[in-house]
Structure formats: C-alpha cells, structure tokens
Protein chains: 2
Amino acid sequence: MKPNVGIREVAEHAGVSVGTVSNVLNHPKNVTPANLAKVQQSMIELGFVRNDLARQLRMGAGSTIGLVVLNISNPFFADLAHALEAEAEVNGHTVILGSSDQDAEREDRYIDLFEEQRVRGMLIAPLHGVTPRLSRLRSRGTPVILFDSSADPEHFCSVTLDGTAGGYMATNHLIDTGRRKILFAGGPFSQVGERLTGASKAAREHDGVTLSLMETNDLTVAEGREVGNKILAMPTTSRPDAIFAANDLLAVGILQSLILASDLSVPDDIALIGYDDIDFAASTMVPLSTIRQPRELIAREALRLLHEESDAGSGHVHGRHLFTPELVVRESTRPAERADA
Amino acid sequence: MKPNVGIREVAEHAGVSVGTVSNVLNHPKNVTPANLAKVQQSMIELGFVRNDLARQLRMGAGSTIGLVVLNISNPFFADLAHALEAEAEVNGHTVILGSSDQDAEREDRYIDLFEEQRVRGMLIAPLHGVTPRLSRLRSRGTPVILFDSSADPEHFCSVTLDGTAGGYMATNHLIDTGRRKILFAGGPFSQVGERLTGASKAAREHDGVTLSLMETNDLTVAEGREVGNKILAMPTTSRPDAIFAANDLLAVGILQSLILASDLSVPDDIALIGYDDIDFAASTMVPLSTIRQPRELIAREALRLLHEESDAGSGHVHGRHLFTPELVVRESTRPAERADA
DNA sequence: GATGCCAAATGAAACCTTTCAGCTCCAGGC
DNA sequence: GCCTGGAGCTGAAAGGTTTCATTTGGCATC
C-alpha cells in the first residue's frame with residue numbers, strides 16, 4: 001500500500017485537477033455532481049486521508065486548542081477538561097491537554113510547546129497569574145483565555161468563578177442553618193483567598209458569629225483527614241459547630257475523620273460544606289453540601305471567547321467574565337435537631 | 001508586531017541563509033559560534049517561534065500521540081491519561097485526548113480526526129475490539145497500540161492487564177480470609193468478562209465456596225449503591241459474606257449502602273474488594289482492598305511499543321503484552337473476627 | 001452566427017520548514 | 001605555489017494543502 005496518498009494522486013486518478021479535489025473537500029457545491037462522485041470514488045479507492053498538518057499550515061490557523069490546567073488529578077479540572085473537550089469537539093476542534101502539576105517550569109514548557117503547534121488558542125489556569133511569557137504569547141497573536149480572576153482585564157480575557165460570592169454563600173448558608181462557630185479550612189491561603197474573603201464577609205455581617213481559620217498545605221483528602229483529627233483533638237467546648245472546607249476533597253477527608261469518631265454526628269454536631277461539587281460529593285457517606293461551579297457554562301463561555309478573540313481580531317474587547325456559583329444543599333448541612341440558636 | 005516571523009525573516013535579519021538558521025535549530029554543532037550567536041540574537045529580537053506544523057509536514061512524522069479512552073470520567077482512565085501524558089512529555093511528545101464515552105460513533109470520529117492530524121501513533125481502548133476502521137488505519141501505516149486483550153496479536157500490539165489473574169487473585173484473597181459465599185457484582189459482563197472468569201476459576205478450586213452473580217449496567221457509584229440495597233433486601237441467611245466488585249467505583253457505592261445499614265459491618269459481616277486502586281480507594285470510610293493495575297508501567301510500555309513500531313518499521317513483531325495486577329490489602333477484607341468457617 | 005455571461009475547472013503560488021547536493025574558503029602538506 | 005580535504009554555508013526542492021487569477025465550455029441572447 002502506498003504510504004502517502006495526497007490530493008495530487010487523487011486528482012490524477014480521477015482525471016481532474018488538484019484544485020477540484022480541494023473543492024470537493026471544502027466547497028462541494030462548486031463541483032459538478034459527476035466530478036464530485038468521481039473524486040470521492042477515487043478517494044475511497046486510494047485510501048486518501050486529508051493531511052491536516054498541511055491544511056493548517058496553509059490556512060494559518062490551527063484547529064487545536066491548548067489547555068493547561070493546574071492538576072488533572074483534581075476531579076474539578078478533570079471534569080472541566082472533559083466539558084471543554086466535548087464542547088470543542090462540536091466545532092471540530094481538538095483539545096490538547098497539559099497538566100502543569102503546580103510546577104511553573106512545566107507550565108512554561110507547555111505554553112511554548114503549544115505555541116509552536118500554532119494552536120488556535122490557549123486556555124490556561126495559571127500558577128502565578130500573568131507571567132511575561134504569557135504576555136509575549138498574547139502579543140504575538142495567540143488568543144489566551146485565563147481561568148484566573150487576578151488577570152488584568154485590559155489585556156486578557158478571563159473566565160472565572162466568583163470565589164468571594166461562593167465563600168459568602170457557603171458561610172451564609174451555615175449561619176442560616178443555625179451555626180455560629182464556623183471554621184474555615186483550606187490552603188494555601190493564597191490559592192483560596194477569595195473564598196476566605198467571602199466567608200469572612202458573611203461572618204462579619206452577623207452578630208455572634210465567629211470565624212476561625214485552619215490553613216492546609218494542599219487541598220487533598222489526606223489533608224482533610226488531618227484537619228478532622230485536629231478538630232477531634234480540641235476540647236469539646238471549643239470545637240466549631242460548622243466547617244467550610246475550601247474544596248470537596250478536603251471536605252471528604254474531614255468527613256471521614258469526624259464520622260469515625262462515633263460520638264460526633266454530621267450534621268447534628270458539626271455541619272460541613274465543601275466546594276466544587278465533584279461527582280463524589282453526592283456519594284459520600286453523608287452527602288455533602290457544596291458550592292457548585294457551573295463547569296459546562298464555563299467551558300462554553302471560554303470557548304466562545306476564544307473564538308471571538310481569534311475571529312474578531314481587533315474588534316474584540318477583553319473582559320473578565322465572572323460566573324456566580326450555586327449553593328447545593330445536601331445532608332451535611334441539614335439544620336441541627338435543636339433548631340437555631 | 002509582525003504576525004508571522006519565519007525562519008526566512010530571521011535569516012535575512014541575521015545575514016545568513018535559511019539553511020543556517022535551520023541548522024541553528026536542529027544541528028547547532030555545525031554552526032560557527034559567531035553565527036550561532038547572531039542567529040539566536042535575531043530570533044529573540046524578532047520573536048521567532050518555530051512553526052511545528054511545517055516542521056512535522058516536512059519531516060513526515062508528527063510528534064503528537066492520540067489517545068482514545070472509554071470514559072475520562074472514570075478515574076482509572078484519567079490516571080492512565082495522566083501517566084501517559086507525563087511519560088510522553090519526556091520525549092517531547094504531546095498527547096491529544098479523546099473520550100469516546102462508550103459511543104462507537106465518537107470513537108470513530110476521534111480515530112479519523114487523529115489520523116488526519118498525522119499523529120505518530122494511537123493508543124486506543126476500543127469499545128468493540130478491532131473494527132475494520134482500525135485495521136485500515138493500521139494498514140495505512142499508523143502505529144496502533146490497543147488496551148484490549150481480545151486483539152489479534154498477529155496484527156496489533158496490545159498492552160493489557162490480566163483480568164483473569166486479577167479476578168482470581170481477588171477471589172482467592174476473599175477465600176483466604178475465610179469467606180465462602182462470594183458475590184461477584186459488575187457489568188455489563190461483556191466488559192468485565194475476564195475478571196469474572198478469574199473469580200469463577202478460584203471459586204471452583206475450593207470446595208464449599210459458592211459464587212453468585214449480580215450484573216450491573218455500568219460501573220458507577222450509583223450502580224454500586226443499588227447493588228448494596230439489593231443485598232440489604234436479601235434475607236440475612238442468604239446474604240453473601242464477601243463481595244467482589246468489578247471496579248472501585250462500584251465498590252464505593254456498595255460500601256456506602258452497607259455502612260448506612262448500621263446492623264451490618266464491613267469487613268466483619270461482609271468483606272469487600274474492588275478493582276483498579278483509584279486514588280479514592282484508600283480514602284473511603286473503610287479503606288478498600290483492591291486490585292492495583294500498574295498504571296505507570298502500562299503507560300511506559302505502551303509508549304515504548306509505539307516508538308518501536310514507528311521506528312523499526314517492518315522489523316517489529318506485534319505482540320500481546322500482559323501485565324499482572326497486584327493485590328492491595330486494606331481494611332475492607334480484614335479477616336472476620338470469628339475466623340474461618 | 002457572433003457575443004456575453006456564468007459556472008466550473010485549472011494550475012501555479014504560497015504557507016514554513018528540513019534536507020541535501022554543491023559551493024566557498026581556508027589551513028596544511030608537499 | 002598548488003592541491004587536497006573538510007568545515008561551514010548556501011539556496012533550491014520537497015512536503016500536501018488552499019487560494020485565486022485565469023481559462024474553458026456551455027448556453028442564452030441578440
């Protein structure tokens with residue numbers, strides 16, 4: 001079998017010019033039905049497969065979209081990637097994925113790699129906000145959409161979730177269900193700052209509500225368990241009556257520790273709310289209340305902006321697109337039996 | 001800023017020929033230090049970024065690897081993808097990911113798409129084994145590595161896990177810890193056939209051990225909970241004393257139902273073992289015993305075979321590479337208090 | 001029968017790189 | 001002073017596609 005069947009071989013075999021074959025592929029309506037049939041027949045017989053590299057080279061714009069996430073092991077990013085991929089596929093685009101694993105060097109490598117591949121655009125959850133490398137990339141013409149609220153809206157489009165609103169929402173919900181001694185667990189604080197800000201705002205607005213903090217190194221199940229154990233180690237009287245965990249993984253870990261201590265009930269003794277609404281949140285021992293981030297919407301909006309930016313050229317106005325998350329109430333924050341204080 | 005700075009502009013700016021610029025990029029040792037410096041300086045000044053599309057076109061071989069998995073929402077595949085991506089990145093390759101979501105049409109679309117992109121090779125977890133489309137792809141010269149044990153080892157390389165061994169191992173472990181009435185839960189059976197085969201082999205080899213089956217539609221947490229509820233609905237005397245769940249998601253669901261029924265203890269009344277060793281398995285309420293599939297090894301071997309197949313051309317011998325999984329014992333199969341029957 | 005028009009087909013140029021045969025130039029050997 | 005050899009550089013060709021200015025052919029109009 002011939003290794004490389006090109007448009008030229010097809011043209012020759014069908015007795016037409018290469019231009020016509022190209023038209024069959026891209027503008028079939030400009031081709032006589034007779035020729036169309038002949039060409040398609042030849043394609044099949046020769047086993048022709050269009051070479052997308054040459055196509056993209058010629059057209060200048062790739063059909064690939066680069067995605068760089070912080071950590072693909074985090075179900076939130078995995079789901080986001082899945083949503084983006086599904087959404088991109090609708091337009092015939094392909095997503096190439098890079099997981100920076102919270103490493104600036106890896107992030108840089110992926111950005112360079114994707115730029116060399118002439119991706120149509122990049123979607124990035126940046127580790128340290130907008131780096132010079134990112135600015136250069138942008139100024140060279142590659143559309144960039146950030147998942148980061150600290151991005152300068154003058155020069156970059158960003159799609160973000162309103163972490164402050166989410167934190168506020170979660171904390172208010174705890175207060176509404178009668179809790180007063182609230183613990184915020186999460187960290188590093190630099191990464192969950194907005195959620196914390198929202199939480200502390202809500203706490204300040206209510207008399208008699210105290211907010212204490214417990215910083216973690218990471219947002220994992222294992223860290224969550226440690227948080228849980230620390231709480232169990234507290235004297236009963238000083239324990240919080242509600243915990244706001246900065247993400248669901250952490251919440252799952254906390255839940256595990258607390259439930260193991262059989263003298264403590266969630267939600268009766270301590271309410272618990274997480275963040276992200278990962279698929280597991282609904283399936284934990286005590287189904288977890290959480291803040292849902294509308295992944296599909298984010299995915300759709302990010303791609304919409306990407307296309308806008310790459311199509312509209314200069315007419316496009318950058319901006320920060322903020323999504324408001326949504327409270328999902330499940331069992332873990334059911335009002336305590338003893339009603340509100 | 002000039003939109004497209006090519007090798008030609010760089011050459012002109014540096015006062016050398018395009019060939020020399022190309023050599024700077026690909027064979028720096030053949031270039032005078034003086035020229036090398038000049039060219040590199042020009043590259044920086046002009047903001048040159050090598051166009052990988054043209055490069056791949058010219059070189060004939062892409063640097064991208066296509067991966068098609070059954071369902072990226074399954075943590076096992078997510079982790080596999082992650083491992084593959086990390087491994088590929090070492091060689092400067094990029095992985096493009098497609099999730100067929102168990103849909104044959106989507107699988108086909110991705111295969112076509114990737115072939116048009118002239119990927120260096122494809123890694124596929126096929127839905128229905130080797131389809132004609134796959135054979136065509138292969139015969140046109142794209143290396144294909146399958147994650148499927150039913151593949152014809154004459155014509156395809158495959159990297160698979162010995163599901164029979166895993167099933168045997170899991171079941172034997174249950175028997176070793178004193179269980180006799182074992183339930184295999186999972187499905188559709190067509191997808192978990194090997195595990196079932198292994199389980200039934202182990203059961204047959206031991207007198208007094210019975211194996212019953214419960215088929216599920218899918219391998220999800222939700223299905224697992226249903227399985228759990230069905231078991232709880234059984235009269236106490238006919239309940240199994242051990243469950244082998246065909247994957248961890250299922251096991252997690254089962255565990256949740258069983259634990260909620262406070263009169264039943266895992267592992268004292270019913271032991272439970274899963275399959276895959278997803279990250280969550282260690283973090284469930286009762287840490288889950290499971291069968292670990294060596295993801296990193298699989299990833300490495302798959303890529304090794306891919307390179308071998310694409311380099312060695314005809315000298316390469318296809319084959320089926322079987323990995324033996326590994327038993328991971330955790331709390332959920334601790335021998336029952338009352339010792340063996 | 002000549003003219004004009006439009007749809008359809010043509011084929012060369014362009015996209016950007018790598019490769020490679022051939023060229024230049026210089027050092028060293030005789 | 002001439003020749004040889006080799007290091008370094010050059011520039012055209014190739015890789016497969018799309019685009020577009022031209023050409024072709026058919027048909028209606030006058």
Side-chain angles (χ1 to χ4, degrees), chain A residues 2-40 42-43 46-64 92 115-120 140-141, chain B residues 2-40 42-43 46-64 92 113 115-120 140-142:
Chain A
K2 272 254 183 72
N4 288 325
V5 183
I7 215 181
R8 207 144 36 210
E9 281 88 334
V10 173
E12 193 178 349
H13 184 272
V16 298
S17 75
V18 293
T20 301
V21 176
S22 176
N23 278 335
V24 168
L25 289 163
N26 304 298
H27 310 284
K29 59 188 130 200
N30 297 341
V31 180
T32 301
N35 268 341
L36 204 154
K38 248 196 312 185
V39 170
Q40 285 174 333
S42 295
M43 285 183 173
L46 298 178
F48 167 79
V49 175
R50 180 215 233 117
N51 187 326
D52 202 48
L53 294 176
R55 172 175 224 258
Q56 293 186 173
L57 172 60
R58 176 61 233 247
M59 303 216 309
S63 67
T64 332
E115 189 180 9
E116 289 186 359
Q117 308 237 10
R118 294 294 190 276
V119 292
R120 190 188 199 78
R140 281 202 210 92
Chain B
K2 272 255 183 70
N4 288 324
V5 183
I7 215 181
R8 207 145 36 209
E9 280 89 335
V10 174
E12 194 177 348
H13 185 272
V16 298
S17 75
V18 294
T20 302
V21 177
S22 176
N23 278 335
V24 168
L25 289 164
N26 304 300
H27 309 285
K29 59 190 130 200
N30 296 342
V31 180
T32 302
N35 269 341
L36 204 153
K38 249 195 313 186
V39 170
Q40 284 175 333
S42 295
M43 284 183 173
L46 299 178
F48 168 79
V49 175
R50 180 215 232 120
N51 187 326
D52 202 47
L53 294 176
R55 173 175 222 257
Q56 293 187 171
L57 173 60
R58 178 60 235 246
M59 304 216 309
S63 67
T64 335
L113 196 60
E115 188 179 10
E116 290 187 357
Q117 309 237 9
R118 294 295 190 273
V119 292
R120 193 190 197 77
R140 282 201 209 91
T142 305

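Residue numbers begin at 1 in each chain, while the letters A, B, ... track the order of the sequences. Because the structure is predicted, anything quoted here is derived from the model rather than measured.
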Taking atom C1' of D:dA13 as reference, at what distance in whole Å does atom CE of B:M59 sit? 17 Å

Report, as yes or no, whether the 6.0 Å neighbourhood of atom CD on A:E12 holds more than 12 heavy atoms from other residues, nucleotides or ligands. no

Here's a test of your reading of the structure: between B:N30 and B:V18, which maps to the more 5' nucleotide of DNA chain D? B:N30

For B:V49 and A:R118: C-alpha separation, side-chain torsions, deciding distance, then whether side chain to side chain contact (heavy atoms under 4.5 Å, CB included) applies. CA-CA 9 Å; B:V49 175; A:R118 294 294 190 276; 3.6 Å; yes

Please tell me if A:T20 has a side-chain N or O lying less than 4.0 Å from either OP1 or OP2 of C:dT10. yes

Categorize A:N35 for me: base, sugar-phosphate, or nothing, with a 4.0 angstrom heavy-atom threshold over every strand shown. sugar-phosphate

Using whole Å, what does the distance between atom P of nucleotide C:dT19 and atom CG of B:L57 come to? 13 Å

Is there a donor-acceptor pair closer than 3.5 Å between any side-chain N or O of A:E9 and the backbone N or O of A:G6? yes

For D:dG11, does OP1 or OP2 lie under 4.0 Å from any side-chain N or O of B:R8? no

Quick one: on DNA chain C, does A:G19 or B:G19 contact a more 5' nucleotide (nearest heavy atom)? A:G19

Whole-Å distance separating the CZ atom of A:R118 from the C1' atom of C:dC16: 9 Å

Taking the side chain as every heavy atom from C-beta outward, state whether B:R140 and A:V5 have any pair of such atoms under 4.5 Å apart. no

Can you see if the side chain of A:N51 gets near the phosphate of D:dT17 - specifically, an N or O under 4.0 Å from OP1 or OP2? no

Please answer whether the main-chain N or O of B:D52 pairs with a side-chain N or O of A:Q117 as donor and acceptor at a distance below 3.5 Å. no

Could you say whether B:V31 or A:S22 is positioned toward the 5' end of DNA chain D, judged by the nucleotide with the nearest heavy atom to each? B:V31

With a 4.0 Å cut-off on heavy atoms, is A:T32 in touch with a base, just the backbone sugar-phosphate, or nothing at all? sugar-phosphate

Computed from five pairs at either end and rounded to 10 degrees, the angle between the axes of the helix from C:dG1-D:dC30 to C:dC30-D:dG1 is 60°

Looking at A:H27, does any N or O in its side chain come under 4.0 Å of the phosphate oxygens OP1/OP2 on C:dA8? no

Could you give me the CA-CA distance, side-chain angles and deciding distance for B:V24 and B:K38, then say whether side chain to side chain contact (heavy atoms under 4.5 Å, CB included) is met? CA-CA 10 Å; B:V24 168; B:K38 249 195 313 186; over 6 Å; no

Base of D:dT18 paired with side chain of A:R58 (donor-acceptor, under 3.5 Å): yes

Using modelled atom types and a 3.5 Å cut-off, is there a donor and acceptor pairing between side-chain atoms of B:E116 and backbone atoms of B:L113? no

Using atom CG of A:D52 as one end and atom P of D:dT18 as the other, report the distance to the nearest whole Å. 9 Å

